[in-house]
Every structure is written in structure tokens, then in C-alpha cells.
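Residue numbers start from 1 in every chain, and the chains themselves are labelled A, B, ... in the order their sequence lines are given, proteins ahead of strands. The structure presented is a predicted model; accordingly, all values stated were derived computationally and were not measured.
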There are 2 protein chains.
Amino acid sequence: MLTSRDVEAILIQHGYRLTRPRAAVVDAVLKYTHPFTAEQLVADVGTGKGGSIGRATIYRTLEILASLDVLTRLIQPDGHPAYICDSLGHRHHIVCSGCGTAVAFTFCPVQELVPALARDTAFEIHDHLLEVFGVCPSCQVSATSAGGPRA
Amino acid sequence: MLTSRDVEAILIQHGYRLTRPRAAVVDAVLKYTHPFTAEQLVADVGTGKGGSIGRATIYRTLEILASLDVLTRLIQPDGHPAYICDSLGHRHHIVCSGCGTAVAFTFCPVQELVPALARDTAFEIHDHLLEVFGVCPSCQVSATSAGGPRA
DNA sequence: TCATCAACTGATACCAGGTGTCAACTGGTG
DNA sequence: CACCAGTTGACACCTGGTATCAGTTGATGA
């Protein structure tokens with residue numbers, strides 16, 4: 001698990017300044033256990049709340065953190081982009097459509113598929129996007145205890 | 001490959017009326033060989049052009065067609081949603097980041113992963129999202145002939 | 001400690017994509 | 001033909017994200 005020190009070190013390593021607003025964004029980001037949207041972060045640390053960080057700054061910082069692989073950008077079931085911060089490296093997530101909990105998994109089935117896919121389609125494959133959606137154990141329980149799930 | 005007749009039959013089968021605007025949207029949709037965005041469709045058949053179909057109607061019709069699996073909703077490399085219409089069933093796409101060409105593949109590596117993932121995470125897995133991005137053969141050629149690719 | 005300067009910030013206006021509303025219209029049915 | 005639910009199109013609105021720019025901040029060297 002990353003700490004704010006780690007992230008700050010990464011920022012500096014890459015030639016970014018460590019400013020107060022950035023530190024605040026990093027702190028907030030590390031507190032999330034679920035995927036969060038940019039707007040959520042704006043609501044949390046944006047102007048008028050505990051913090052007073054401008055929208056633009058927050059979006060810019062998210063951009064930077066994502067480019068440094070500190071944050072992973074993922075797509076929510078409703079199609080909206082979200083971010084999650086767990087640790088470095090290539091990984092995918094299962095996201096609970098009930099409570100939003102995300103669990104990461106490092107095994108990437110697409111990487112195994114890439115050679116065959118490249119051969120079959122003659123495409124040069126550069127990247128991929130994979131999200132899995134489902135219901136986490138605790139949401140399964142509450143759905144059952146609530147009298148059975150209903151579409 | 002689907003024809004407009006097929007799609008119209010599907011619509012009626014599911015209790016939707018076959019109206020002139022819907023038929024026009026279906027026709028337009030079937031003409032696309034590449035993934036297209038809703039706004040593109042609005043530009044093509046929307047008010048003021050050859051057609052005169054309202055934005056809302058186009059969005060609504062896309063929604064219906066996607067819910068009937070006539071259209072597949074996919075995510076473009078820039079993160080914007082797009083639609084593609086090739087045929088029915090579960091499938092994924094490789095999208096060329098140069099020209100937008102999409103090639104479908106029916107083999108889904110995620111389905112094989114689902115049991116293990118469900119066991120490991122205790123999630124009930126319902127759905128997934130998979131897009132692969134790359135460069136198609138003809139874009140590879142033009143990149144080379146244009147003096148070599150550049151990051 | 002101070003001066004300098006580029007990087008950074010926050011406010012604001014703006015833009016694009018998408019949705020909600022509602023009166024008018026249309027197609028299917030009897 | 002009359003009726004009515006489903007559908008349409010115009011339009012206002014909302015939301016997420018971006019561009020701009022004057023002012024501020026932090027790192028650096030003297």
C-alpha cells in the first residue's frame with residue numbers, strides 16, 4: 001500500500017513540485033478505499049470544503065497521478081470514469097455495483113490473448129481496458145436478507 | 001451481418017413501434033463500418049441534415065438498440081463512448097487508434113477467468129468490459145511510409 | 001535572508017455530451 | 001373514423017471536463 005510519502009517521492013522524482021494543494025489531493029486520494037470520481041474529489045477537497053483547491057488543480061493533479069501510475073483510471077458500470085489508488089503496476093478491478101467496493105487482480109487474461117489476437121487481426125496491440133462488474137459478498141448478504149433480490 | 005429488416009423485426013418483436021425516425025436511425029447505424037458516436041449520428045440524421053430527427057430521439061433509439069444487443073457500446077481510446085453494429089451476441093473489439101477501424105473477436109478471455117475470480121474474491125460476477133486498442137495494418141503502413149512512427 | 005523565475009494555482013467562463021420535460025403527433029386497434 | 005398509448009422534436013438544463021490568465025508559490029543561487 002502506498003503512503004503519501006511514497007507518492008510525494010514519486011512526484012519529486014519526476015520533476016513535479018510538491019505543493020500544498022497537491023499534497024492535499026494525494027492525502028485525499030489515499031484515503032479512498034473505493035473507486036472515486038473526480039467530482040467526488042472536488043466535493044471533498046474543493047473550494048468551500050475542508051480544503052480550498054480549485055477544480056482545475058484537482059483535475060490536473062489527477063492527470064499527473066494517473067500518468068505516474070499512482071492512480072488507475074477505470075470505468076464504472078454506468079460508463080463514468082473513476083480513479084482508484086491501490087499500488088503500482090498493471091492490474092484490473094472487480095467493482096461491486098452495490099457499494100462500489102473494488103478488488104484488484106493482477107492476473108491479466110488479455111496479455112495471454114495478445115499474440116493470438118495480433119496474429120489473427122494483424123493489429124499492433126498497444127493497450128487494453130478491462131473491468132469486471134459484480135456484487136461483493138456483503139452486498140450479496142444484504143440483498144438476500146432484504147427479502148431476495150429484485151431486478 | 002444484420003439488415004435493416006432484421007433490426008426492424010427485432011424492434012417489433014420486443015414490442016417497440018417501427019416509426020419513420022427509428023427506421024432512419026437503424027438505416028444510418030447499419031451504414032457505419034467503424035464505431036460511431038452519438039453526436040456523429042446526430043450530425044448525420046439530426047435536424048437540419050438529410051433527416052430531421054431530434055437529438056433526444058436519436059439518443060433514445062440508440063439506448064433501445066443497445067438494450068436489444070443490436071448495438072454494442074464500446075469505449076474509445078480517448079475514453080468517449082461509441083457504438084458499433086456488427087451482429088448479435090457477446091463480443092469484444094480491437095479498435096485502431098489511427099483510423100478508428102474496429103475488428104470484433106468473439107473469444108472472450110474473461111469468461112474463462114470468471115470462475116477462478118469468483119472463487120478468489122467471493123464476488124458474484126455479472127458483467128465485464130473489455131476493449132483492446134492498437135494500430136491496424138494500413139495505419140501501420142502509413143506510419144512507416146510517413147517517415148517512421150514517433151511517440 | 002533575499003531576489004528571481006518558472007511552475008503552479010484558483011477563479012471563471014466556456015464547451016460538449018447527454019438528459020428531462022412537455023405539448024404535439026402518429027400508428028395500431030376496434 | 002376515433003381513441004389512446006407510445007413516440008417525437010424542440011428546448012432548456014445539467015454535469016463533467018477544459019482553457020485561460022493574473023496572481024502566488026517554491027526552489028535555487030547569491
Side-chain angles (χ1 to χ4, degrees), chain A residues 7-29 35-68 71 73-84, chain B residues 7-29 35-68 71 73-83 100:
Chain A
V7 178
E8 290 165 10
I10 292 172
L11 278 172
I12 291 167
Q13 231 174 61
H14 285 82
Y16 293 103
R17 283 199 195 151
L18 179 62
T19 60
R20 200 182 317 265
R22 278 185 188 162
V25 169
V26 166
D27 261 11
V29 151
F36 59 92
T37 64
E39 279 304 306
Q40 228 170 311
L41 196 59
V42 169
D44 276 8
V45 299
T47 320
K49 285 278 182 162
S52 65
I53 303 176
R55 269 162 81 77
T57 301
I58 292 171
Y59 276 94
R60 279 187 292 242
T61 308
L62 282 177
E63 197 67 27
I64 292 170
L65 294 178
S67 77
L68 297 180
L71 293 180
R73 197 188 158 119
L74 48 84
I75 308 288
Q76 292 184 306
D78 61 7
H80 284 137
Y83 296 86
I84 189 167
Chain B
V7 177
E8 290 165 10
I10 292 172
L11 278 172
I12 291 168
Q13 231 173 62
H14 285 82
Y16 294 103
R17 283 199 195 151
L18 179 62
T19 61
R20 201 183 316 265
R22 277 184 189 162
V25 170
V26 167
D27 262 12
V29 151
F36 58 92
T37 63
E39 279 305 304
Q40 228 170 311
L41 197 58
V42 169
D44 277 6
V45 300
T47 319
K49 284 280 184 161
S52 65
I53 304 175
R55 268 163 81 80
T57 301
I58 292 172
Y59 276 94
R60 278 186 292 242
T61 308
L62 282 177
E63 197 67 27
I64 291 170
L65 293 178
S67 79
L68 297 179
L71 292 180
R73 198 186 157 121
L74 48 83
I75 308 289
Q76 293 185 308
D78 62 5
H80 284 138
Y83 295 88

Distances under 3.5 Å between protein N/O atoms and the N/O atoms of nucleotides 5-7 of chain C, please, pair by pair.
| unit_1 | atom_1 | unit_2 | atom_2 | d |
| --- | --- | --- | --- | --- |
| C:dA6 | N3 | A:Arg17 | NH2 | 3.2 |
| C:dA7 | O4' | A:Arg17 | NH2 | 3.2 |
| C:dA7 | N3 | A:Arg17 | NH1 | 3.4 |

Show each protein N/O and nucleotides 1-3 of chain C N/O combination with a separation under 3.5 Å, one pair to a line.
none

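Among residues two or more places apart in sequence or in another chain, the side chain to side chain contact (heavy atoms under 4.5 Å, CB included) test is passed with A:Ala24 by A:Ile53. Partners of A:Glu39 under the side chain to side chain contact (heavy atoms under 4.5 Å, CB included) rule, at least two apart in sequence or in another chain, are A:Thr37, A:Val42, A:Arg55, A:Tyr59. Checked against side chain to side chain donor-acceptor pair (under 3.5 Å), A:Tyr83 has no partners two or more places apart in sequence or in another chain. Taking A:Thr19 as the reference, nothing meets the side chain to side chain donor-acceptor pair (under 3.5 Å) condition, with sequence neighbours excluded.
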(request) Apply side-chain contact (heavy atoms from CB on, under 4.5 Å) to the pair B:Ile64 and B:Arg22, showing each step before the final yes or no. (result) CA-CA 10 Å; B:Ile64 291 170; B:Arg22 277 184 189 162; 3.7 Å; yes
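Residue B:Thr19 is classed as a sugar-phosphate contact, given heavy-atom separations below 4.0 Å to backbone atoms only.
The two residues A:Arg73 and A:Pro81 have their closest heavy-atom pair at NH2-CB, 3.6 Å. The two residues B:Leu41 and B:Phe36 make their nearest non-hydrogen contact at CD2-CE1, 4.1 Å.
Helix-axis bend for the helix from C:dT1-D:dA30 to C:dG30-D:dC1: the local axis fitted to the five terminal pairs at one end deviates from that at the other end by 30°, rounded to 10°.
Residues A:Thr61 and A:Pro21 have side chains not in contact (no heavy-atom distance under 4.5 Å, counting atoms from C-beta outward). Put simply, the side chain of A:Val29 reaches to within 4.5 Å of the side chain of A:Leu71, judged on heavy atoms.
Here the P atom of nucleotide C:dC8 and the CG atom of A:Leu62 are 15 Å apart, to the nearest Å. Rounded to a whole Å, the CD1 atom of B:Ile53 is 14 Å from the P atom of C:dT26. The separation between B:Leu18 atom CG and C:dG28 atom P is 8 Å, rounded to whole Å.
Scanning DNA chain D 5' to 3' for nucleotides with an atom closer than 4.0 angstrom to a non-hydrogen atom of chain B gives a first and last hit of D:dA5 to D:dA10.
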Per-pair distances, 0.1 Å, donor-acceptor, side chain in residues 8-17 of chain A, under 3.5 Å, sequence neighbours excluded:
| unit_1 | atom_1 | unit_2 | atom_2 | d |
| --- | --- | --- | --- | --- |
| A:His14 | ND1 | A:Ile10 | O | 2.8 |

(request) Any chance you could list the contact pattern along nucleotides 12-19 of chain C? Use B for base contacts, S for sugar-phosphate-only contacts and - for none, protein heavy atoms under 4.0 Å, 5' to 3'. (result) -----SBB
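Atom-to-atom distance recorded for A:Glu63:CD and A:Leu68:CG is 10.5 Å, nearest 0.5 angstrom.
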